[in-house]
Amino acid sequence: MKRIIAIVIAGLIATTAGAEDSDVTSLDTLFRQADMEDLSEFRWKKRPVLVFADSEDDPAYIEQMELLDQRAEALLERDVVVLSDTDPDARSPLRLMMRPRGFMLVLVGKDGGNKLRKPFPWDVREITRSIDKMPMRQREIREEKEAARSR
């Protein structure tokens, strides 16, 4: 009996350690530079949130990144990846495609369509509410509920 309890406890500890490692990995991949040619690598997998500014010192950019960082778990839960571009002189393909003027936040759906454009910082709560209203997210929520019921 003691051996079974020890095995169960060891399994729980291993599972918890694995979950912590995956959270750290997920947070590391949440924020990335917007240096790709297009967003095709995210299609049907992630919801890109693009944050453009003319400088890393732009107060709106700083505020937006702090807001996103404070509630990163809510973004990860909704399959969000945050892509930032603070160098207008580099003329990155995404910057040329989105054509921001100064600071701009763009929410892109999993289907690749632009869902939201804002010229000022937005709170994660507002972003997640917009995501939660999308038909694909509604389906994901239903599927999660059905999976929870079948357990």
Side-chain angles (χ1 to χ4, degrees), residues 12-151:
L12 289 173
I13 290 171
T15 303
T16 304
E20 288 175 8
D21 289 344
S22 68
D23 286 348
V24 171
T25 303
S26 296
L27 286 174
D28 289 343
T29 60
L30 175 64
F31 295 97
R32 297 176 51 182
Q33 289 296 313
D35 55 3
M36 60 276 313
E37 291 293 316
D38 58 29
L39 299 173
S40 60
E41 70 183 89
F42 303 113
R43 184 169 257 165
W44 307 117
K45 298 174 191 166
K46 298 281 186 182
R47 292 180 177 92
V49 170
L50 292 94
V51 182
F52 293 99
D54 289 341
S55 165
E56 288 184 6
D57 298 325
D58 182 335
Y61 174 78
I62 293 168
E63 179 184 354
Q64 183 64 70
M65 297 308 283
E66 287 173 355
L67 290 169
L68 294 169
D69 189 47
Q70 289 171 0
R71 301 222 21 239
E73 315 81 42
L75 297 172
L76 289 170
E77 183 180 314
R78 289 163 179 84
D79 299 326
V80 169
V81 60
V82 178
L83 306 172
S84 62
D85 180 343
T86 58
D87 186 6
D89 295 332
R91 299 181 52 82
S92 70
L94 289 178
R95 183 175 281 274
L96 293 173
M97 183 171 44
M98 298 294 176
R99 292 182 277 169
R101 293 182 184 161
F103 176 85
M104 186 173 75
L105 172 87
V106 181
L107 171 61
V108 179
K110 283 188 174 181
D111 63 356
N114 294 349
K115 306 300 181 187
L116 178 76
R117 292 171 67 105
K118 294 291 175 185
F120 48 83
W122 244 35
D123 187 73
V124 171
R125 185 174 180 208
E126 295 166 319
I127 294 169
T128 57
R129 281 185 176 180
S130 294
I131 291 171
D132 289 345
K133 291 177 186 177
M134 295 178 187
M136 187 173 290
R137 177 64 182 151
Q138 291 289 314
R139 188 181 69 206
E140 292 169 355
I141 293 169
R142 278 193 308 275
E143 289 172 356
E144 287 172 9
K145 286 180 182 178
E146 289 171 8
R149 270 190 249 140
S150 66
R151 288 183 205 159

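Worth knowing before you read on, the calculation uses all heavy atoms, side chains too, and leaves out hydrogens, waters and symmetry mates. None of these values were measured; they are calculated from a predicted model.
- For the pair E143 and R139, the salt-bridge criterion is met [side-chain N within less than 4.0 Å of a carboxylate O].
- Residues Q33 and M36 approach most closely at O-CE, 3.8 Å, considering heavy atoms.
- Of the possible polar contacts, none joining the R47 side chain to the V108 backbone as a donor-acceptor pair under 3.5 Å is found.
- L68 places a side-chain heavy atom less than 4.5 Å from the side chain of V51.
- Counting all heavy atoms, side chain and backbone alike, L83 lies closest to F42 at CD1-CE1, 3.8 Å.
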Indicate every side-chain donor-acceptor pair of residues 117-126 with a distance under 3.5 Å to a residue at least two apart or in another chain.
{"unit_1": "R117", "atom_1": "NH1", "unit_2": "M98", "atom_2": "O", "d": "3.3"}
{"unit_1": "R117", "atom_1": "NH2", "unit_2": "M98", "atom_2": "O", "d": "2.8"}
{"unit_1": "D123", "atom_1": "OD2", "unit_2": "R125", "atom_2": "N", "d": "2.9"}
{"unit_1": "E126", "atom_1": "OE1", "unit_2": "D123", "atom_2": "N", "d": "2.9"}

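- Atoms CZ and CG, from F52 and L94 in turn, are 5.5 Å apart once rounded to the nearest 0.5 Å.
- Closest of all the heavy-atom pairs between G109 and P48 is O-CD, 4.3 Å.
- Here the OH atom belonging to Y61 is positioned 11.0 Å from the CD atom belonging to E66, to the nearest 0.5 angstrom.
- With sequence neighbours left out, D85 forms a salt bridge (Lys or Arg N to Asp or Glu O under 4.0 Å) with R95.
- In terms of the side chain to side chain donor-acceptor pair (under 3.5 Å) criterion, residue partners of D79 (sequence neighbours excluded) are, by chain and number, K110.
- The shortest side-chain heavy-atom distance between L30 and L75 falls under the 4.5 Å cut-off.
- Contact between A53 and P88 at its shortest, heavy atoms only, is O-CD, 4.1 Å.
- Remark: D132 pairs with R78, R137 by the side chain to side chain donor-acceptor pair (under 3.5 Å) rule, at least two apart or across chains.
- Atom OG of S55 is separated from atom CG of D89 by 10.5 Å, given to the nearest 0.5 angstrom.
- Note that CG of N114 is 8.0 Å distant from CG of L50, once rounded to the nearest 0.5 Å.
- Nearest heavy-atom pair, R43 versus D111, reported as atom, atom and distance to 0.1 Å: NH2-O, 2.8 Å.
- No side-chain heavy atom of E77 sits under 4.5 Å from any side-chain heavy atom of E73.
- Counting only heavy atoms from C-beta outward, the side chains of L67 and I127 never approach each other to under 4.5 Å.
- Partners of S150 under the side chain to side chain donor-acceptor pair (under 3.5 Å) rule, at least two apart in sequence or in another chain, do not exist in this structure.
- For E56, the CD atom counts as loosely surrounded, since its 6.0 Å shell holds 12 or fewer non-hydrogen atoms of other residues, nucleotides or ligands.
- Nearest heavy atom pair, residue T29 against residue V81, reads O-CG2, 3.7 Å.
- Partners of D38 by side chain to side chain donor-acceptor pair (under 3.5 Å), not counting sequence neighbours, listed by chain and number: S40.
- Note that NZ of K133 is 10.5 Å distant from OG1 of T128, once rounded to the nearest 0.5 Å.
- Separating the CD atom in E140 from the CD1 atom in I131 is a distance of 9.5 Å, to the nearest 0.5 Å.
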